[in-house]
Protein chains: 4
Amino acid sequence: MPTMQTVQTMIQTHPVETGVDRAQLARVVDLLVACSSACTVCADACLAEDHVADMRTCIRTDLDCADVCAATARVLSRQTAYNADVTRAVLQACVVICRACADECASHGDMHEHCKV
Amino acid sequence: MPTMQTVQTMIQTHPVETGVDRAQLARVVDLLVACSSACTVCADACLAEDHVADMRTCIRTDLDCADVCAATARVLSRQTAYNADVTRAVLQACVVICRACADECASHGDMHEHCKV
Amino acid sequence: MPTMQTVQTMIQTHPVETGVDRAQLARVVDLLVACSSACTVCADACLAEDHVADMRTCIRTDLDCADVCAATARVLSRQTAYNADVTRAVLQACVVICRACADECASHGDMHEHCKV
Amino acid sequence: MPTMQTVQTMIQTHPVETGVDRAQLARVVDLLVACSSACTVCADACLAEDHVADMRTCIRTDLDCADVCAATARVLSRQTAYNADVTRAVLQACVVICRACADECASHGDMHEHCKV
């Protein structure tokens with residue numbers, strides 16, 4: 001059965017050589033996947049809170065962050081026909097949403113200390 | 001049953017007012033969703049081609065474009081707790097990948113003239 | 001620029017012949033994509049409502065429905081190496097979640113009459 | 001920074017009690033996320049292979065499996081307003097696609113021994 005450890009090995013043994021540090025690439029993909037999952041769970045946990053009306057911004061930012069991190073992880077996982085411009089642009093967007101998400105979580109002392117890629 | 005027309009109406013009657021032109025927002029979401037779907041179909045059609053080995057870059061770019069356009073459509077669909085920085089960053093990344101995808105498709109005179117958001 | 005009409009044409013001119021009625025396939029993909037988008041907007045509109053605490057089930061079901069419809073649309077969009085068992089299984093799951101979503105929306109007289117694939 | 005370990009803890013400390021064994025739920029989500037990621041990497045590695053024309057079924061099945069496992073992981077991650085019918089239906093579809101993917105990978109002695117949820 002696959003684990004994220006398997007995924008890291010797969011990324012590092014990919015047939016194409018792109019010049020990117022693969023061990024680091026594998027770690028970033030791992031982080032993005034974990035961040036996306038953490039945001040999905042956080043949005044759902046916030047939705048269950050008694051004071052859900054105060055959690056609107058957190059829920060919305062979590063949903064955005066989950067979607068963008070998942071898409072970024074997929075783009076970065078691909079090494080065939082690597083395009084540095086695309087990778088950079090997607091990572092930049094991902095940093096902006098992750099920062100927004102981290103700020104929002106920090107603002108209400110949330111116990112879910114996630115989203116800091 | 002829902003259509004993209006229904007979705008456009010839903011976006012335009014959303015309870016929150018963000019200051020963004022909603023008719024235009026609805027059109028962009030519509031376009032992004034269609035672009036994501038077109039790229040998914042294009043990647044699959046390229047995969048079936050006899051000369052699939054020549055289509056690697058197109059397939060990979062299509063897959064990236066499908067993922068990023070889908071995530072961008074979701075982020076833009078949300079008007080609760082709107083964040084202009086996040087919207088801008090995600091749209092910028094989306095433009096880069098769509099341009100890469102359009103260039104790639106143009107380069108081999110592909111009949112699938114898509115991905116020009 | 002692509003529209004869902006373009007996507008329908010692309011599905012119908014795909015190089016592989018699977019035996020499935022393509023016009024119908026194209027319509028189902030169109031419907032699934034619209035349903036996924038409608039659910040994303042509905043979840044966000046519910047999140048903005050004053051009585052958001054009463055909308056928890058609707059929001060959660062919308063999020064599930066958006067994710068499953070999007071995945072189902074992608075699986076159905078692919079005609080290369082078509083697998084009828086996979087298509088059937090994914091469609092069955094999609095029907096269950098769409099029905100749950102339609103029931104939930106109906107239960108609180110929601111104006112967003114979506115999710116009836 | 002989040003890891004899948006963080007995600008597991010978040011699932012297990014969620015405010016809602018659904019009656020599902022949470023430690024097991026967290027393990028399944030972890031597995032689904034890893035499977036989705038492994039399939040994304042596998043599809044891309046297959047696309048780079050010299051004999052890509054022989055890998056069409058594997059690539060297509062990988063793409064389906066990545067999409068369905070990602071959607072299933074999201075549905076299972078949500079514990080608010082838990083719906084057993086939806087969970088069961090989505091898991092059943094996921095098992096079918098994972099089995100198809102495992103069979104396909106086994107058939108060409110692929111080194112990427114993934115997708116066995």
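The structure displayed is predicted, hence computed values, not measured ones. Below, chain A is the first sequence line, B the second, and so on; all start at residue 1.
- B:Arg78 contributes no side-chain N or O that, together with a main-chain N or O of A:Arg60, makes up a donor-acceptor pair within less than 3.5 Å.
- Residues B:Ala93 and A:Ala93 approach most closely at CB-CB, 3.8 Å, considering heavy atoms.
- Listed here is the closest heavy atom pair of B:Asn83 and A:Ala100: ND2-CB, 3.9 Å.
- Neither the backbone nor the side chain of A:Leu91 comes within contact range of chain B; no heavy atom of the residue lies under 4.5 Å from a heavy atom of that chain.
- When the candidates B:Val75, B:Thr57, B:Val68 are compared by the number of heavy-atom contacts under 4.5 Å with chain A, B:Val75 comes out ahead.
- Note: B:Asp64 leads B:Thr61, B:Asp64, B:Val96, B:Val86 in heavy-atom pairs under 4.5 Å with chain A.
- No other option in A:Ile97, A:Ile59, A:Leu63 has as many heavy-atom pairs under 4.5 Å with chain B as A:Leu63.
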